[in-house]
Amino acid sequence: MEKHFDWTGVEPKWRQRWQELEVGHADVTSTKPAFVIALPPPNITGALHMGHASTFSIQDTVVRQRRMRGFEVEWCPGTDHAAIATQNVIERQLAEEGTTKEALGREAFQARVDAWYEEYGGRIYEQMRRMGYTCDWSRSRFTLDDQYVRAIRLVFKTLFDEGLVYRGPRIVNWCPRCRSAISDEEIDWQEHTDPLYYLKYPVDGGMDITVATVRPETMLGDSGVAVAPGDTRYSAFLGKSATLPITWRRIPIFADAAVRPEFGTGALKVTPGHDPTDYEIGARHGLPIINVIALDGTMDVPELPQFHGMPVAQARTAVAEALRSLGVLVKEEPYLHEVGHCDRCGTLLEPLVSEQWWVRMKSLAAPGIGAVESGEITFHPARYTDVYLHWMRNIKDWCISRQIWLGHAIPVSTCANGHRFAWVDPPVRCEQCGNTELTNDPDVLDTWFSSGLWPFAIFGWPERTPDLERFYPTDVLATDRGIIFLWVARMIMTGIKFTGRNPFTDVLITSTIQASDGSRMSKSKGNVIDPLDLIDKHGADAVRAWAAAVGTSGQDMRFDEDRISSYQRFANKLWQVTNGFLLAKVGNGSVADLDVHPPKPETLRSEDRWMLAELAAVVRECDAGFAAFRFHDAVERLYDTTWHSFCDWYVEIIKLRLADAADHESRRAAVWTAVTTLDTLLRLLHPFMPFITEECAQLLPNAAPTLQQRSWPEVDALWSSDETAAAHHEIGEAIELVQRIRALGNAQRVPRGARDRIRVVVRAADGKGISRHIVRLIGGLVPAAVVDGRERGSTPVVVVSGRLHAEVVIADTAADASATTRQIGLLEATVVRLETQLANPEFVAGAPARVVDESRRRLQEARDQLEVLRGGQTGERTDVAG
RNA sequence: GGGCGCAUAGCUCAGUUGGUACGAGCGCUGCGUUGACAUCGCAGAGGUCAUAGGUUCGAUCCCUAUUGCGCCCACCA
């Protein structure tokens, strides 16, 4: 027998079994209720990371539990072409090879991309299989699939035809490296400290006005100076014109509410071409838009050859220098502000005006707001509801066009007569005039435009496929909070718009796994952890159980490898108790010997019922945990019950009985209880730790080809009967007494071999006596010897637990009353506190009756125990049988 | 600038309508190995629940303010 559980052979075996049994495959014709999750498709830009491992493990946990509960489960996997991210990755590769995509050409570049998708798409699925995920691989989707592309085009065309998609020049976030616009949601804001320059512009009539800016180079494109309405410092300037140094252009001075009078000098240079705020101000005042920065991030000012073609950063100092020499740069001071960067390549963004495609969002957002306000869609944790609603209520039009090579082409053509139309199937002639000279739109769609259709497009929409009818809407959407706006909100909007249904009912936002120092894991910091490395080190079960336990607390979590290894040890514990103890020792190596008929209830001992009561509690807590998406509650309770209640207490207790071969009936009750308990625990644990639980379950009676074909445990009437509850209480007291007696032995440093030095007499405080069985049970668990009575001249140390108490005598040791004294001290403090509390009329009058009664009960109990400890023992003497 | 979250044992974290002042894992201390498991067992030490007020018969929990950390949003000149 293996010394420790070795997962390296077990995991591949079960992966293959699940594959063969098509555990993940959903039958569209099944009559079971459906439960559906659309897997958030990972980008094909590399490997699975901890974020995936966390959210995917949770989804697999949910999905496995729902299968056991009798649902027809569809967990549809897929991958996202991630146009801009993939293009960046491949461009970086090309750069390392000393070439560019332009040098390669479109076709060769596309070939590189296809090869990449081929390699990494498969690799990601392989990694997911290693984690043990039971996706429905037969329905894998890719956002570049033909059917998916048709769905995208139909959505676009519908929005276009309804006027919800439009094209127009507006100021956008431009990435000079990607040479593309990006949306507001794709900006990575970073703090910068830059000089704030104060520039003095001459004004008609010999005055001058000073503006503050961190971007002096844009002053070449200024078309106005704005001040706050009612700012008396500048009332004399309104309506006058300033003269722009260098270009010597005359620009108007006016008032606009967007100006913050307290900032800088209170006067704002207005550059509608290169600042979003200024763009809006300019629009309000009819200012001309002057573009001075080109799409490649260099200055575009042919009339000023000294700056033309200069990179913006360089132009900034050059222009500042020119202004200084003109004497109009009057002050510089450091200024901390946030600057937008491309979240894909990190390049500094340039706001500039260009023609883009936009989606009008207001009308699309309204029902998406309603769906969440009404509770039809619920966020977990609930606080993300407000995050979502705030964004939705303030939604702005969405820039969906990208000027990159990869991605879905915008399905719009323009004919030679200028007719522009959207299409689903590539057209050969103009819809309006039949002209065949068509020009296709050169742009591609934002990747999130296609991702936003995921929950219904994966099932064949717009065709009314059986899959769509059966599996849409989905149930749970589990993802990271970073894409609530980018993805979740858009799925809700498009889902409602195009299917009339909410795409899911629950949004589960999982914890973000941070590096162990609390910083964000990122490739650039070099502190990312590869989940597959963790599997190699600790086994997939350990990683999965950790991910589930940690992933839904609603709080960010620092990576803690010790916690993963604790689940690795837990897997070993399960293996030991199932294989090493139950099968090998109890069943003598044969499953048949464990296959006992259910015993008559009256043959169950107290400890059997105690175990069943513990089991009932853990089933209930598990169900509650699943219902509330609080998996850490379920996992921790399962861990505790399995390890401590079952292994440490129940198994140790029944070892004595099992050794007594004479009592067949009792033995059978113990075997049945142990098998039932373990079988139940394995089923409850299976969604979290599928491999080890499968392996163990095979060693027990009732084994199915996979636990996925077993039912989810329910509480049996026997487990929750009054008699069982009473037995649970009885054994609970005995356990506590055992712990107190053991503590004495440990405190006295009595070696185990010298157990007969400790003598124990157990009594019942209420004089009712104790069952022989309980006395024997206690005797078997403490390192103590049988005594017939107190030894002459010795003074016992007394310990109490509920109605039980024990007199403990340790031979050859001076009676150490400190344990008794300590107990007395604690009890006295309790008595004083409770007496004080109960003497307070406001407490008695103000607190609920049950609280007052509980205090009285505890006071009485404490007094009774004190009486025992102080030597006023009463009750019948019962000797320990050992 | 606005909003949200977090500060609980040396470390990482639980703590579900306010009611014995609170637990787990790891770490630490002591004891224990031919009997499922040393990836183990038994026992133990360790917390004025960030700070200051308030509400309440009673506050880790509710309210206010402060400090520190993190995140999100914002027209961030």
Side-chain angles (χ1 to χ4, degrees), chain A residues 1 3-5 189 191-192 196 211-215 218 226 258-260 263-265 267-271 275-281 335-340 381 383-384 386-387 390-391 394 481-482 484-485 512 514 516 518-520 549-550 553-563 565-586 624 628 630 632-633 636 639-640 647-648 651-652 655 738-739 742-747 749-753 781 783 830 833-834 837 840-848 850-852 854-855 858 862:
Chain A
M1 197 209 313
K3 191 77 174 162
H4 299 127
F5 174 63
W189 293 100
E191 284 196 339
H192 274 221
L196 183 64
V211 297
T213 181
V214 289
R215 303 202 55 187
T218 64
V259 178
R260 304 204 317 260
F263 187 92
T265 61
L268 170 70
K269 66 187 268 304
V270 181
T271 320
D275 184 278
T277 310
D278 294 7
Y279 179 83
E280 286 172 24
I281 295 173
Y335 174 60
L336 178 69
H337 62 146
E338 294 218 322
V339 182
R383 75 182 116 94
Y384 290 108
D386 285 340
V387 175
H390 180 262
W391 185 79
N394 295 286
R481 65 158 182 274
I484 290 176
F485 308 142
T512 302
Q514 303 170 329
S516 50
S519 66
R520 182 184 284 254
V550 129
S553 66
Q555 225 37 61
D556 287 351
M557 209 59 63
R558 296 186 180 201
F559 178 73
D560 181 10
E561 193 162 352
D562 285 344
R563 205 157 160 192
S565 49
S566 78
Y567 290 110
Q568 178 190 338
R569 285 195 296 276
F570 182 56
N572 181 61
K573 190 75 176 175
L574 278 171
W575 176 244
Q576 293 298 340
V577 77
T578 309
N579 184 47
F581 172 72
L582 207 56
L583 181 66
K585 301 296 174 188
V586 179
R630 294 168 57 94
H632 56 282
D633 290 350
E636 279 172 24
Y639 181 102
D640 182 61
C647 294
D648 289 348
V651 164
E652 292 306 318
K655 275 179 181 174
V738 165
Q739 287 176 316
R742 283 173 177 171
L744 286 180
N746 267 312
R749 306 273 165 89
V750 179
R752 180 186 266 186
L781 294 171
T830 302
R833 195 184 62 247
L834 290 171
Q837 188 183 45
N840 179 357
E842 286 178 319
F843 170 72
V844 179
R850 61 171 184 83
V851 174
V852 178
E854 177 65 10
S855 286
R858 285 208 310 269

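Computed from a predicted model, the values in this text were never measured in an experiment. In what follows, every chain begins at residue 1, and chains take the letters A, B, ... in the order their sequences are listed.
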### Message
I'd like the P distance from U60(B) over to G23(B), given in whole Å.
### Response
14 Å
### Message
For the NE2 atom on H192(A), are there more than 12 heavy atoms of other groups (residues, nucleotides or ligands in this structure) within a distance under 6.0 Å?
### Response
yes
### Task
May I ask you to evaluate whether K573(A) reaches the phosphate of G41(B), defined as a side-chain N or O under 4.0 Å from OP1 or OP2?
yes
## Note on the structure
Separation of C75(B) atom C1' from D275(A) atom CG, nearest Å, is 8 Å
### Query
Between atom CD in Q576(A) and atom P in A36(B), what is the gap in whole Å?
10 Å
### Message
Is it the case that A14(B) (base atoms only) and Q555(A) (side chain only) share a donor and an acceptor within less than 3.5 Å, ignoring hydrogens and angles?
### Response
no
### Query
So does R558(A) get a side-chain nitrogen or oxygen closer than 4.0 Å to the phosphate oxygens (OP1/OP2) of U12(B)?
yes
### Task
For residues V651(A) and V577(A), determine if any side-chain heavy atom of one lies less than 4.5 Å from a side-chain heavy atom of the other.
yes
### Query
Less than 4.0 Å between a side-chain N and a carboxylate O, is that true for D556(A) and R520(A)?
no
#### Entry: Span that lies between the C1' atom of A59(B) and that of C49(B), in whole angstrom
11 Å
### Task
Could you state the atom-to-atom distance from CG of D560(A) to P of G25(B) in whole Å?
14 Å
### Message
Check this one for me: any side-chain N or O of R563(A) less than 4.0 Å away from OP1 or OP2 of C11(B)?
### Response
no
### Query
Is the shortest side-chain N/O distance from R742(A) to OP1 or OP2 of A43(B) below 4.0 Å?
yes
### Query
Rounded to the nearest Å, what distance is computed from the CD atom of residue E636(A) to the P atom of nucleotide U12(B)?
16 Å
## Note on the structure
RNA chain B nearest-nucleotide lookup for Q514(A) and E652(A): closer to the 5′ end is E652(A)
### Query
How are the rings of F5(A) and W575(A) set to each other: parallel, tilted or perpendicular (split at 30° and 60°)?
tilted
### Message
Check the phosphate of A77(B) against R215(A), side-chain N and O only, distance under 4.0 Å to OP1 or OP2. Yes or no?
### Response
no
#### Entry: Short side-chain N/O contact to C76(B) OP1/OP2 from R260(A), under 4.0 Å
yes
